[in-house]
Enquirer: 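Here you go, one structure.
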There are 2 protein chains.
Amino acid sequence: MIPGTRRRRHRHEKVTLSDVAQAAGVSAITVSRALREPEKVSPALRETILRVVEQMGYVPDMAARALASKDSGLIGVLTPGLTSYAFIAVMRGIEDRVRSTDLRIQYANPGDGRNDDGRKLRFFFSQNPAGIIYVGLQHDSALDDLLRRAPCPVVEIMDVSHAPAEMAVGIDHRLAAEAATRHLLEQGYRRIAMLGASWDNRSKRRLEGFQSVLEAEGLFDPSLVLSIDSYTSVGLGAHLLDRLLSDHPDADAAFCHSDDLALGALFECQRRGRSVPNEFGICGFNDFDYAGVAFPSLTSVRLPRYEIGYRAADMLIRATGGGRQAPTVVDLGFQLIARQSTARNAPKGPTG
Amino acid sequence: MIPGTRRRRHRHEKVTLSDVAQAAGVSAITVSRALREPEKVSPALRETILRVVEQMGYVPDMAARALASKDSGLIGVLTPGLTSYAFIAVMRGIEDRVRSTDLRIQYANPGDGRNDDGRKLRFFFSQNPAGIIYVGLQHDSALDDLLRRAPCPVVEIMDVSHAPAEMAVGIDHRLAAEAATRHLLEQGYRRIAMLGASWDNRSKRRLEGFQSVLEAEGLFDPSLVLSIDSYTSVGLGAHLLDRLLSDHPDADAAFCHSDDLALGALFECQRRGRSVPNEFGICGFNDFDYAGVAFPSLTSVRLPRYEIGYRAADMLIRATGGGRQAPTVVDLGFQLIARQSTARNAPKGPTG
DNA sequence: CTGTTAGCGCTTTCAT
DNA sequence: ATGAAAGCGCTAACAG
């Protein structure tokens, strides 16, 4: 009753394997087997043991298990985009694939900016992971080396535009950007801007694609490439479009590095009374769920994000069993989804 | 050159503490100390040791460390909403607070629906976590008991409408819903619907608040409460509003359980040519970044999600040091942000 | 400040 | 099918 006088909890003398063994009248190893390889224990014993386990509320100590078996059952997912909307679908894919196994997932954010991917990777290695899913920002040779000598299988995901250390699943971001840019050209836009948030590997690839297509037409203007190094967001999209139109009122379209930027751009156009798609075309990237629901709906590039996650986990799980194979690259492909926001001269421009 | 003939890697004879010790001509424990409590080792030795560590590429084995010290340095974050947009800000808060420590975070999704929170919790416990951040869906007494006898500090986050086992950080969802509903009434809306996606604890709390305010005015109509049990999304918001207006054309406002539903509702109104806010009011929840950027901008209830995460991690870290205190509840409060989507009779209705 | 001894809880290997 | 012994790599507790 008297506050502050509560006895400390957190004391629960931990139930160990030998406790269970003793209670069940068998040796520790038999309990261990009953839990992990039930078929190697006689049915009768097995049942007894499992009952005792249940009764005593025994839970294996993962640290001890990992130490003894050199297998943590841990899949490490390492990405700077951990807290990004785009990564949610990837996580779902990974989780769904892993759910039926007894592996666990540990996410880690290698910290923004600084080149400490190496540190984080090393750290992961120190946990005897069963596998690692890695989303690289940069890709210098030191990192490549590190991945190559990883103590477990590694799948690099999202981008497949360069040879992976071992396995990779994703799409070719350069090609995706080319397709989007070409689409804008086909719709008759000429002063096309690019709105982006950060300049990681993939963004750079997209810029390359964007630039090459426009340069071929003599239409590339570097001053139409806008970015701020911060979290991508709808608000940022509005801000960038505002800047774009203030400085370059003649810009007539934007290819955005993500749909949230595109949505922000759309709102800003509406606010300025600039008709989308007739006076301004918008193409996003990622095909987030709202792209198809927006009014007008947003043209975007669909990435199979869920599938990338699912497939990566799948490859990892398979690789865990067998030995090493030669480098494997899986390109899951993208899809340009043309919608109203670039449908110039379409039946009816919804906005302006 | 011949593919498939590559020698198996993953072999790197692991460098252990004693390897380093031997190379440095000291005992293992000294190396251990040099790494964890540098001030307890003479500067000269320390430097030598750290150099050798670097040279040999030694990385501590976390499993061994956890086993020996009974401290995994792991903070478990357990939430069914791991892959939800709303949780991203919470994660950022947690990560930011934890970054400066040597703790690590392990996220886990207790699986959708089924009542296996208990299993997941037990599993976490088996890793000797330093602390646990828990987002509950349900809150039965069995679970409460489990939390109460956790082997580490536990912070329950998001909702503070009931007494926690130990510590809690969040807001009162019932009050938040009451505020939102009252706001809609004040703006003159009368046939107010509620659009939601799932019926977890917090959603139920919000429904209670919504219902009580409307009932006090004799305006509650259960047939205006719509929900589907699935991921919340912009598309779902559009769908629910479509259903609402088809069945109840006289509905004149909606309180949405999340801003993505609200945004979808807005788009659907625009599509139907129903003016927001004059012919229909929309109030969201969460105050996602786009709420303020949308056109018209969306009225919403702001939750301090980042702060909740940061604070939860902070409390955990503090609790790690000291012993147990009496149950602690921190209500971080919400804020109703009135914007255009409920500004009936405002200077200028942007849409219709 | 540095070292010795013991043991964390489990699994491996080898017997039986 | 079951068990005994040994040890995974590290740190706690105590000595010196």
Side-chain angles (χ1 to χ4, degrees), chain A residues 12-50 52-53 56-74 102 122-123 125-130 151, chain B residues 12-50 52-53 56-74 102 122-123 125-130 151:
Chain A
H12 264 276
E13 293 318 327
K14 186 170 192 164
V15 182
T16 71
L17 202 56
S18 12
D19 295 337
V20 176
Q22 206 165 353
V26 296
S27 73
I29 185 62
T30 306
V31 179
S32 176
R33 281 202 270 257
L35 257 26
R36 291 174 305 125
E37 313 162 291
E39 73 283 2
K40 292 196 174 177
V41 175
S42 73
L45 247 193
R46 188 194 316 158
E47 207 175 327
T48 316
I49 292 175
L50 293 181
V52 176
V53 163
M56 304 182 68
Y58 168 72
V59 187
D61 182 312
M62 297 320 281
R65 180 176 280 186
L67 180 58
S69 68
K70 317 204 67 45
D71 173 15
S72 63
L74 216 55
D102 55 356
R122 255 183 266 271
F123 174 77
F125 294 168
S126 78
Q127 304 188 69
N128 295 316
Chain B
H12 267 274
E13 292 319 325
K14 185 169 194 164
V15 182
T16 71
L17 201 57
S18 12
D19 295 337
V20 176
Q22 205 164 354
V26 297
S27 75
I29 187 66
T30 307
V31 178
S32 176
R33 281 201 271 257
L35 257 26
R36 290 175 305 126
E37 314 163 290
E39 73 283 1
K40 293 196 174 177
V41 174
S42 74
L45 247 191
R46 189 195 314 157
E47 208 175 326
T48 317
I49 292 175
L50 294 182
V52 176
V53 163
M56 305 183 67
Y58 167 73
V59 187
D61 182 312
M62 298 319 282
R65 179 176 280 185
L67 180 58
S69 69
K70 316 203 64 50
D71 173 15
S72 63
L74 217 56
D102 54 356
R122 255 182 266 271
F123 175 77
F125 293 168
S126 79
Q127 303 188 67
N128 295 316

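No hydrogens, no waters, no symmetry mates; every other heavy atom, side chains included, goes into these values. Throughout, protein chains are lettered first and strands after them, A, B, ... in sequence-line order, and every chain is numbered starting at 1. Note that the coordinates shown come from a computational prediction; the quantities given were computed from them, not determined experimentally.
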Enquirer: Please list, chain by chain and in numerical order, all residues satisfying salt bridge (Lys or Arg N to Asp or Glu O under 4.0 Å) with A:Lys40, sequence neighbours excluded.
Expert: A:Glu37
Enquirer: To the side chain of A:Arg33, which of C:dC8, C:dT2, D:dG3 is closest?
Expert: D:dG3
Enquirer: Given C:dT2, C:dC10, D:dG9, which nucleotide is nearest the side-chain atoms of B:Ala68?
Expert: D:dG9
Enquirer: Can you tell me if A:Arg36 touches the phosphate of C:dT11, counting only side-chain N or O atoms and a distance under 4.0 Å to OP1 or OP2?
Expert: yes
Enquirer: Can you tell me if B:Arg46 uses its side chain to pair, donor with acceptor, with the backbone of B:Pro38 under 3.5 Å?
Expert: yes
Enquirer: Which one, C:dC10, D:dT2, C:dT2, comes nearest to the side chain of A:Ser42?
Expert: D:dT2
Enquirer: Output the rounded distance in Å from CD (A:Glu37) to C1' (D:dT2).
Expert: 13 Å
Enquirer: Identify which nucleotide among D:dT11, C:dT11, C:dG9 has an atom closest to any side-chain atom of A:Ser32, counting heavy atoms from C-beta outward.
Expert: C:dT11
Enquirer: Is there a donor-acceptor pair closer than 3.5 Å between any side-chain N or O of B:Ser72 and the backbone N or O of B:Gln127?
Expert: yes
Enquirer: Starting from the 5' end of DNA chain C, give me the residue, A:Ser69 or A:Ala63, whose nearest nucleotide shows up first.
Expert: A:Ala63
Enquirer: To the side chain of B:Ile29, which of C:dG3, D:dA4, D:dC10 is closest?
Expert: C:dG3
Enquirer: Do the side-chain N or O atoms of A:Lys70 get closer than 4.0 angstrom to the phosphate oxygens (OP1, OP2) of D:dG9?
Expert: yes
Enquirer: In whole Å, I'd like the distance from the CE atom of A:Met62 to the C1' atom of C:dT11.
Expert: 13 Å
Enquirer: To the nearest Å, give me how far apart CG (A:Asp61) and C1' (D:dC10) are.
Expert: 14 Å
Enquirer: If I take atom CZ in residue B:Arg65 and atom C1' in nucleotide D:dG9, what distance separates them, rounded to the nearest angstrom?
Expert: 11 Å
Enquirer: Please give, in whole Å, the distance from C:dC10 P to A:Asp71 CG?
Expert: 16 Å
Enquirer: Within the pair B:Thr30 and C:dG3, is there a side-chain N or O less than 4.0 Å away from OP1 or OP2?
Expert: yes
Enquirer: Using 4.0 Å as the upper bound for N to carboxylate O, is an ion pair formed by A:Asp19 and A:Lys14?
Expert: no
Enquirer: Rounded to whole Å, how long is the line connecting atom CG of A:Leu17 with atom P of C:dT11?
Expert: 6 Å
Enquirer: On the nucleotide D:dG3, are OP1 or OP2 found under 4.0 Å from the side-chain N or O atoms that A:Ser27 carries?
Expert: yes
Enquirer: How long is the line joining CG of A:Leu35 and P of C:dG9, in whole Å?
Expert: 16 Å
Enquirer: Measure NZ/A:Lys40 against P/D:dG3 and give the value in whole Å, please.
Expert: 15 Å
Enquirer: Could you tell me which non-hydrogen atom of B:Tyr58 sits nearest to which non-hydrogen atom of B:Val15, and how far apart they are?
Expert: CD1-O, 3.3 Å
Enquirer: As a test of reading the structure: which of D:dG9, C:dC10, D:dT2 is closest to the side chain of A:Tyr58, going by heavy atoms?
Expert: C:dC10
Enquirer: Under 4.0 Å from OP1 or OP2 of D:dC8: is there any side-chain N or O of B:Thr16 that close?
Expert: no
